[in-house]
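Beneath this line is the structure, given in structure tokens, with notes to follow.
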Amino acid sequence: MKIKRSTWALPYAVFLLLFVLLPLVMIAVYAFQDRLTGEFSLVNFAKFFTTEEDLHTFVYSIEMALVNTLICFVLGYPAAWILSNSKLNRSSITVILFILPMWINMLIRTMATVALFDFIHAPLGEGALIFGLVYNFLPFMIYPIYNVLKKMDMSYIAAAEDLGATPVQVFTKVTLPLSAPGITSGVMMVFMPTISTFAIAELLTLNKIKLFGTTIQENINNGMWNYGAALALIMLIIIAVTMVATDDDATREEERGGLI
Amino acid sequence: MMKKIFAQAYLWVLLILLYAPIIIIAVFSFTEAKVLGNWTGFSTALYHNLFTGGVSNSLIRALENTIVIGLLAAFFSTFLGAVSAVGIYNLHGRKKRAVTFVNDIPMLNPDIITGISLFVLFVALGITQGYVTVLLAHISFCTPYVVLSVMPRLRQMNPNVYEAALDLGATPSQALRKVIFPQIRPGMVSGFILAFTLSLDDFAVTLFTKGNGGLDTLSTYIYADARKGGLTPELRPLMTIIFLTVLILLIVVNVRTSRAAGERK
């Protein structure tokens with residue numbers, strides 16, 4: 001029997017169905033289930049909107065994620081721009097050094113931050129949390145922007161200069177708009193994961209400050225699976241909305257391909 | 001010229017900030033002091049303790065688990081990913097879009113969602129969580145990356161060689177193994193290394209799928225350790241070793257990719 005080439009995708013399609021789609025469906029099932037009666041119910045969502053602490057954590061997480069994304073962007077964009085500019089940076093070592101932290105275990109990076117704060121005798125708390133978040137996520141902002149800038153056709157810049165644009169104009173009217181896909185990826189890779197981190201906040205604030213990820217994890221740990229699933233579903237919905245809002249398939253696929 | 005110096009200075013200030021924590025850990029892995037920041041003279045005692053001391057049993061077991069799970073997950077996801085990439089590459093229209101879309105999900109989902117979704121799946125199916133569930137979870141989030149790293153190689157390949165092999169009497173699996181795999185091998189090797197690093201790096205997914213049987217990988221060990229307050233001093237040399245390992249792996253992958261890019265030119 002001849003097996004068509006496309007048939008080789010079949011086992012993986014089943015695998016994806018079982019271990020990617022079904023688990024997500026299970027989150028929805030648990031989220032809409034009353035823990036006590038096991039029946040369909042909205043009680044978990046009602047609980048979220050009436051539990052002040054959890055609502056507060058949710059809003060606070062979004063604020064922190066915004067702050068983190070903003071700092072990463074402000075620090076990261078110039079770095080990505082310099083790295084991609086062959087006149088300013090020729091060495092590929094600096095590029096490797098910037099992406100290397102992406103491959104170091106997040107917990108190791110976070111404990112290293114704790115060590116740094118201990119070392120300079122700075123107290124753990126909100127400041128440490130923001131430092132730790134930026135430290136953890138900065139490479140994820142730099143890399144996609146760097147990738148886009150690197151592939152940018154330099155003749156556009158030359159053309160703009162020839163036509164009399166000032167350096168500032170070249171940047172705001174040409175470079176920045178052309179790097180928009182990279183910025184979008186960078187923001188996605190920093191913003192969403194920040195809301196969902198749990199260990200970072202716990203370790204850097206001695207468990208004084210919670211992010212939304214911590215709330216979800218605590219509920220799952222304490223056996224409150226249905227409520228935890230509902231919180232996870234809320235986060236999933238936000239991710240889906242953000243993704244649809246920033247959808248740009250072709251560029252994003254290239255980005256991630258470039259990540260390897 | 002001034003501009004270049006200024007630009008380089010900016011990069012290096014950022015790099016120093018990024019690396020300060022890990023450098024401090026590396027430096028203080030060479031002294032015996034329990035508290036980080038106390039320098040009590042150069043010593044490799046912590047490195048000795050790491051492999052022979054009191055903590056060594058549980059710590060080394062966690063390290064073993066991390067590496068074995070990483071290798072197994074990388075092996076299975078490389079195989080699954082390579083075979084599937086061949087299939088997906090040759091799908092068309094809606095089917096291709098559907099599989100590609102689902103293949104993207106594990107890469108876009110935050111770890112905690114992947115972890116919890118698998119956790120509720122295993123709970124709902126009544127599967128006891130442990131080694132096997134962690135391994136399955138790792139394969140599920142590693143394979144998409146293997147598919148992505150194999151794809152570009154397929155694009156460079158003559159699409160007719162598979163049919164040619166079948167016409168010449170090869171079985172489908174022979175055609176895969178003897179004709180297609182050799183041509184996409186560089187992509188598979190990069191995929192394997194990538195999957196291995198991703199598995200080593202994972203924390204959240206492992207935490208949710210490891211069950212209560214006392215299974216620990218390095219990251220869950222460090223987490224438990226950190227929660228107890230403070231960091232076991234022996235973790236300092238360990239972190240230093242991991243850091244160097246990742247650095248070397250990453251350089252290997254990069255050299256491979258740039259060499260492959262060179263070949264294409």
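Quick note on labels: first sequence line is chain A, next is B, and so on, each numbered from 1.
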Any non-hydrogen side-chain atom of [X] less than 4.5 Å from a side-chain atom of [Y]?
| X | Y | result |
| --- | --- | --- |
| B:Ile112 | A:Ile216 | yes |
| A:Tyr12 | B:Val83 | no |
| A:Ile82 | B:Phe6 | no |
| B:Leu17 | A:Val134 | no |
| A:Phe98 | B:Leu11 | yes |

Measuring heavy-atom distances to chain A, does [X] have an atom under 4.5 Å in its side chain, in its backbone, in both, or in neither?
| X | result |
| --- | --- |
| B:Ile113 | both |
| B:Leu176 | side chain |
| B:Ser140 | both |
| B:Thr245 | neither |
| B:Tyr223 | both |
| B:Phe122 | side chain |
| B:Phe119 | side chain |
| B:Asp111 | neither |
| B:Leu207 | side chain |
| B:Ala204 | both |
| B:Ile25 | side chain |
| B:Phe208 | side chain |

Can you tell which of [options] has the highest number of heavy-atom pairs within less than 4.5 Å of chain A?
| options | result |
| --- | --- |
| B:Val86, B:Ile222, B:Asn103 | B:Asn103 |
| B:Leu15, B:Val99, B:Leu14 | B:Leu15 |
| B:Leu200, B:Ile22, B:Thr197, B:Thr143 | B:Thr143 |
| B:Leu121, B:Leu218, B:Asp201 | B:Asp201 |

* Asked: For A:Glu202, is it the side chain, the backbone, both or neither that has a heavy atom under 4.5 Å from a heavy atom of chain B?
  ->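 A:Glu202 touches chain B through side-chain heavy atoms alone.
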* Asked: Out of A:Met235, A:Gln217, A:Met192, which one racks up the most heavy-atom pairs below 4.5 Å with chain B?
  ->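 When all of A:Met235, A:Gln217, A:Met192 are compared, A:Gln217 has the most.
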For the atom pair [atom1] ([X]) and [atom2] ([Y]), what is the distance rounded to the nearest 0.5 Å?
| X | Y | atom1 | atom2 | result |
| --- | --- | --- | --- | --- |
| B:Lys95 | A:Ser6 | NZ | OG | 6.5 Å |
| B:Asn109 | A:Leu236 | CG | CG | 5.5 Å |
| B:Phe203 | A:Ile108 | CZ | CD1 | 12.0 Å |
| A:Ile220 | B:Ile116 | CD1 | CD1 | 4.0 Å |

Spell out, as yes or no, whether a donor-acceptor pair under 3.5 Å connects the side chain of [X] to the backbone of [Y].
| X | Y | result |
| --- | --- | --- |
| B:Tyr19 | A:Leu97 | yes |
| A:Tyr135 | B:Leu18 | yes |
| A:Tyr30 | B:Ser117 | no |

* Asked: How about A:Asn222: does its CG atom have over 12 heavy atoms from other parts shown lying under 6.0 Å from it?
  -> yes
* Asked: Under 6.0 Å from the CZ atom of B:Phe79, do we count more than 12 heavy atoms belonging to anything else shown?
  -> no
* Identify the heavy atoms of A:Ser196 and B:Pro110 that sit nearest to each other, and give their distance. =>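 That would be OG-CB, 3.3 Å.
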* To do: Write out, in numerical order, the residues from residues 18-28 of chain A with a heavy atom short of 4.5 Å from a heavy atom in chain B.
  =>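 Counting heavy atoms that sit under 4.5 Å from chain B, the residues of residues 18-28 of chain A involved are A:Leu18, A:Phe19, A:Val20, A:Leu21, A:Leu22, A:Pro23, A:Leu24, A:Met26, A:Ile27.
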Return a table of donor-acceptor pairs under 3.5 angstrom between the side chains of residues 109-119 of chain A and protein atoms on other chains or two or more places apart.
| unit_1 | atom_1 | unit_2 | atom_2 | d |
| --- | --- | --- | --- | --- |
| A:Arg109 | NE | A:Pro101 | O | 3.2 |
| A:Arg109 | NE | A:Ile104 | O | 2.9 |
| A:Arg109 | NH1 | A:Asn136 | O | 2.9 |
| A:Arg109 | NH1 | A:Asn136 | OD1 | 3.2 |
| A:Arg109 | NH2 | A:Ile104 | O | 3.1 |
| A:Thr110 | OG1 | A:Met106 | O | 2.8 |
| A:Thr110 | OG1 | A:Asn136 | ND2 | 3.4 |
| A:Thr113 | OG1 | A:Arg109 | O | 2.8 |

* Show your reasoning for whether side-chain contact (heavy atoms from CB on, under 4.5 Å) applies to B:Ile105 and A:Leu16. => CA-CA 10 Å; B:Ile105 293 180; A:Leu16 286 175; over 6 Å; no
* Asked: Do B:Tyr162 and A:Trp8 have side-chain atoms, one donor and one acceptor, less than 3.5 Å apart?
  ->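 Checked: B:Tyr162/A:Trp8 side chains pair up, N/O donor to acceptor below 3.5 Å.
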